[in-house]
Amino acid sequence: MRVIVDNDFAGDPDGLFQLAHALRSPSADVRLIVGSHLHSPQDAEPDDGHQADKAAAKVRELLGVMGLAGRVPVVRGAEGCLAARTGAIRPRP
């Protein structure tokens, strides 16, 4: 099945283990990986406003170690939660 993986990969390592498993699973076709912000920053490094950037970097590092660099697109998600249910977050340039 086609899969999009979205996780806070810069937090604890469970997301990276899950991603490695999905990438090696014969039944999963990972099409996109999104590195998101941490919901609770106390679980990782202090929040410097770049958690999603760090998450995407960790995914790219994992893909390199697995010999899969450049095979699956990796994007940075939003650096924070929605302020309200009716508004979007404008992407950073």
Side-chain angles (χ1 to χ4, degrees):
M1 79 180 59
R2 291 173 293 203
V3 178
I4 295 174
V5 179
D6 183 346
N7 201 308
D8 62 1
F9 298 104
D12 51 39
D14 66 334
L16 294 170
F17 281 100
Q18 171 268 331
L19 177 60
H21 178 78
L23 290 166
R24 291 294 185 208
S25 173
S27 63
D29 177 11
V30 178
R31 297 287 182 104
L32 178 71
I33 303 168
V34 181
S36 297
H37 71 282
L38 289 167
H39 182 66
S40 54
Q42 70 270 16
D43 293 338
E45 300 173 18
D47 182 6
D48 61 1
H50 298 284
Q51 294 172 345
D53 286 325
K54 290 177 184 178
K58 286 188 181 275
V59 168
R60 289 185 186 101
E61 181 180 357
L62 176 66
L63 291 174
V65 168
M66 294 179 71
L68 300 172
R71 289 190 156 177
V72 180
V74 178
V75 297
R76 174 188 53 81
E79 289 290 358
C81 298
L82 292 172
R85 290 182 180 201
T86 58
I89 296 174
R90 298 241 183 249
R92 284 192 320 214

* To do: With sequence neighbours excluded, tell me which residues meet side chain to side chain contact (heavy atoms under 4.5 Å, CB included) with Ala69.
  =>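 Ala69 satisfies side chain to side chain contact (heavy atoms under 4.5 Å, CB included) with no other residue.
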Taking every non-hydrogen atom, the tightest pair across [X] and [Y]:
X: Gly77; Y: Ala52; answer: O-CB, 3.4 Å
X: Ala55; Y: Asp8; answer: CB-C, 4.4 Å
X: Phe9; Y: Val59; answer: CD1-CG2, 3.3 Å
X: Lys58; Y: Ala10; answer: CD-CA, 3.7 Å

Is [Y] reachable from [X] through a run of hydrophobic residues whose side-chain heavy atoms are each under 4.5 Å from the next?
X: Met1; Y: Ile4; value: no
X: Val3; Y: Phe17; value: no
X: Leu16; Y: Val74; value: yes

* Short question: side chain of Glu79, backbone of Asp53 - any donor-acceptor pair under 3.5 Å? ->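 Present.
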* Ser36 and Asp6 side chains, donor-acceptor separation under 3.5 Å ->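 Their side chains do contain a donor-acceptor pair, which is all the 3.5 Å distance test asks for.
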* Partners passing salt bridge (charged side-chain N to carboxylate O under 4.0 Å, His left out) against Asp14 (at least two apart in sequence or in another chain) ->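 Asp14: no salt bridge (charged side-chain N to carboxylate O under 4.0 Å, His left out) contacts found.
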* Asked: Among all residues two or more places apart in sequence or in another chain, which pass the salt bridge (charged side-chain N to carboxylate O under 4.0 Å, His left out) test with Arg31?
  ->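 Result, salt bridge (charged side-chain N to carboxylate O under 4.0 Å, His left out) vs Arg31: Asp29.
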Side chains of [X] and [Y] in contact at under 4.5 Å (non-hydrogen atoms):
X: Leu23; Y: Leu63; result: yes
X: Asn7; Y: Leu19; result: no
X: Val5; Y: Gln18; result: yes
X: Val72; Y: Leu32; result: no

* **Reported CD-to-CE distance for the pair Glu61 and Met66, which is rounded to 0.5 angstrom** =>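 Between atom CD of Glu61 and atom CE of Met66 there are 13.0 Å.
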* Quick one: pull up CZ in Arg76 and NE2 in His50 and give me the separation to the nearest 0.5 Å. =>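 Nearest 0.5 Å value for the CZ-NE2 distance: 9.5 Å.
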